[in-house]
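So the structure is just underneath, and the comments pick up after that.
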Amino acid sequence: MIPYKGLVGSLSYHQCPGVVTESKEYEDGLRALKRFSSLNDGIFRSISRKKSCQKEEQAVEIAVGESSSAEEDLAPSPSSWYQSICSYVRLRLNGRLWQELSGAFGGLGSFLPAVLALSLYNETDFGTTLLFSGVFNVVTGLVFKIPIPVQPMAAILVAALSPNPLTVPQIMAAGLITAFAMGILGITGWMEFLYHRIPLPVVRGVMLGEGLMTAIKSVTYILEYQDLAKMQNLGQRSWLGIKGLLVPVTILIFLGIVSGARKSSEENGEKISDPVVNNDDKSVREALLSTSGDREEQEAEESTWRRAILNIPTALLIILIGLALAIAYDPQTIGNLQLGPSPIKFVKISYEDWSVGLLRAAVYQIPVSILSSVISTSTLSSDYFPGEKVTPSSLCLSVWVMNLLGCWFGAVPVCHGAVGLAGQYKFGARSGLSMMMLGMIKLLLGLLFGSSVSWILTQYPESLFGVLLLWSGLELALVCQARNTPLDLLVMLAVVVVSIGSSTAFSTTLGFVCGLVLYLVLKLHQWLKK
């Protein structure tokens, strides 16, 4: 900071030969400099006062905390846990309630169609899956503190919906075998070893392939009618009607406007309702703006419309619009709702079920879980939340515990996923509270209506699931294309081309192997060249 008072004093007594110090121009400049000096001193006096007040408040809070902790040591109070949770919720939300609630629904584009298809085609219990996945959402939100999704296992889903469908015990056996394998990798530390040895461009290629395949799948959801029981296309969709093209196209345009406003806001440094605010920067900004009321009013007017747009819970609105259209399409679905949770039954798994589940589903799901559920999710979480470390071992153990608890009672086998995380982040989720809110909603629906909720979802416009999936896939693809060298892009494209072009059940694994081989060949070529 320039010492303006010292500068003024030096100018007042400075003598230069041939220069008249008492000239009118000099006096005018001196007065202007003194006015600026007094303004500068006033601003920083206000800042120092605010800092001293903040320090005093912190000292009081520390003293109160120490006294309360001393009292708790003598007589622990049950209300302290409640107060701690409330303080955590207030800190995490910090004005982001609607955005967190919107982000909570960002991953339902892949969750709901998969769970509904398994309940209709394979007769898994929809209400039981709601209850257990709700509990898993709440626990993962508390443990990881970021929006780690809970999604059905994709390869098991494909095997279960094949022309020769799997039975419920076989589906549960496949989920338990996959969970056991993930648990072994997490406990022994082998997953950490693999994670740190796999080249990043290969991982980015797997993520890019996931994003593009999800986007391609979402386009078919939007353009064609779907049989949700078998997840098959039924023909071209018309423009008009409750399930016509006009509804998803209009929503996509609206999402584009909101996304553009959010991007413009972030580029201008106007991040609305960030969970962490720098108090020093805020004090300086307030002190500087206090000298110019007109500027403050102008900025408030310019950002009012942008704040209103950013706080719109877009994913929640999409879900609500779809429910309204489903009820309008078949009003009798409301009458099919039945109060009460679904009965939870223990699933008996025979030796034949274990064998079929292993050979027809688990052998395909284990590589997918390693690449997509663990490695890709851990990499993407470090991109989105550098301060919150989610290790591959913790994700492995999470998959193990979730399926160990749920599969024995008929809940659909679940894991994590980069597509779900990208969708939740795109729609506003920035903390584990979004997952906790989603879990509470699932628990409430599961306890109140059980499996009868699926009656409404059978009439749900599947094109709106496609809208959520499209936004999730594009977000994941855009994250992967940043900060890459030409050689990295070549490896990524090789993984994507092989993964999308291959029609085998090991398409993602095959793309990963081809990308890894290409990366090693390119590195060997560079070494020989040097």
Side-chain angles (χ1 to χ4, degrees), residues 146 148 190-218 259-260 262-264 266-269 271 367-393 395 416-426 430 470-502 504 506-530:
I146 62 174
I148 296 294
W190 275 99
M191 184 58 72
E192 292 284 346
F193 179 82
L194 292 174
Y195 178 78
H196 293 291
R197 300 302 186 280
I198 298 175
L200 186 59
V202 181
V203 178
R204 298 285 189 196
V206 173
M207 295 165 61
L208 180 60
E210 286 184 83
L212 293 179
M213 285 189 288
T214 302
I216 293 172
K217 179 182 178 181
S218 67
S259 178
R262 179 177 288 112
K263 184 177 180 181
S264 175
E266 292 177 354
E267 290 177 352
N268 294 332
K271 295 183 179 181
V368 174
S369 294
I370 293 173
L371 295 174
S372 301
S373 176
V374 176
I375 294 178
S376 297
T377 304
S378 181
T379 303
L380 186 61
S381 65
S382 63
D383 292 338
Y384 283 150
F385 310 97
E388 300 287 348
K389 186 174 180 60
V390 179
T391 63
S393 294
L395 292 175
H416 307 297
V419 175
L421 176 57
Q424 290 165 176
Y425 187 90
K426 181 66 175 178
R430 296 295 184 272
L470 179 61
W471 227 242
S472 303
L474 293 179
E475 169 66 14
L476 182 58
L478 290 175
V479 170
C480 296
Q481 57 86 32
R483 302 185 301 275
N484 293 300
T485 64
L487 291 180
D488 293 344
L489 289 175
L490 180 61
V491 173
M492 291 169 58
L493 289 176
V495 176
V496 172
V497 169
V498 175
S499 298
I500 296 179
S502 175
T504 65
F506 291 101
S507 58
T508 301
T509 307
L510 186 60
F512 167 78
V513 172
C514 292
L516 183 61
V517 171
L518 178 60
Y519 179 84
L520 295 176
V521 170
L522 292 175
K523 287 298 181 182
L524 179 62
H525 175 73
Q526 288 181 347
W527 181 76
L528 293 175
K529 188 176 180 180
K530 292 180 180 179

**Message:** What's the separation between atom CD1 in Ile198 and atom OH in Tyr519, rounded to the nearest 0.5 Å?
**Reply:** 12.0 Å

**Message:** Just so I know, are the side chains of Leu380 and Tyr425 near enough to count as touching, which here means a heavy-atom distance under 4.5 Å?
**Reply:** no

**Request:** Starting at OG of Ser499, measure out to CE of Met213 and round the result to the nearest 0.5 Å.
**Result:** 5.5 Å

**Request:** Working to the nearest 0.5 Å, report the span between CD of Glu192 and CZ of Arg197.
**Result:** 10.5 Å

**Request:** Enter the distance from Leu474:CG to Lys426:NZ here, rounded to the nearest 0.5 Å.
**Result:** 8.5 Å

**Message:** Quick one, Thr379 with Met207, criterion side-chain contact (heavy atoms from CB on, under 4.5 Å). Give me CA distance, side-chain angles, the key distance, then yes/no.
**Reply:** CA-CA 9 Å; Thr379 303; Met207 295 165 61; 4.1 Å; yes

**Message:** Closer than 3.5 angstrom, by distance alone: can the side chain of Ser373 be matched with the main-chain N or O of His416 as a donor-acceptor pair?
**Reply:** yes

**Message:** Would you compute the distance between atom OH of Tyr195 and atom OG of Ser376 and round it to the nearest 0.5 angstrom?
**Reply:** 9.5 Å

**Prompt:** With side chains defined as the heavy atoms from C-beta onward, is the minimum distance between Asp488 and Arg204 less than 4.5 Å?
**Reply:** no

**Asked** Would you say Thr377's side chain and Ser372's backbone share a donor-acceptor pair under 3.5 angstrom?
**Response** yes

**Prompt:** Do Val495 and Leu208 have side-chain heavy atoms sitting under 4.5 Å apart?
**Reply:** no

**Item:** Minimum-distance pair of heavy atoms, taken over all atoms of Gly423 and Ser472
**Value:** CA-OG, 3.1 Å

**Message:** Is the shortest side-chain heavy-atom distance between Ile146 and Tyr384 below 4.5 Å?
**Reply:** no

**Message:** Determine whether Met191 and Leu395 satisfy the following criterion, side-chain contact (heavy atoms from CB on, under 4.5 Å), listing intermediate values before the conclusion.
**Reply:** CA-CA 10 Å; Met191 184 58 72; Leu395 292 175; over 6 Å; no

**Which atom of Leu476 lies closest to which atom of Gly211, heavy atoms considered** = CD2-N, 3.7 Å

**Request:** State, yes or no, whether a side-chain contact exists between Leu516 and Pro199 at a heavy-atom distance under 4.5 Å.
**Result:** yes

**Heavy-atom side-chain contact between Leu421 and Ser381 under 4.5 Å** = yes

**Asked** Looking at Val496 and Gly205, what are the two nearest heavy atoms and their distance?
**Response** CG2-O, 3.6 Å

**Request:** Mark yes or no for whether Ser378, through its side chain, and Thr391, through its backbone, hold a donor-acceptor pair below 3.5 Å.
**Result:** no

**Prompt:** Is there a side-chain contact between Ile500 and Leu212, using heavy atoms and a 4.5 Å cut-off?
**Reply:** yes

**Message:** Is there a side-chain contact (heavy atoms from CB on, under 4.5 Å) between Val206 and Ile375? Walk through the geometry before answering.
**Reply:** CA-CA 10 Å; Val206 173; Ile375 294 178; over 6 Å; no

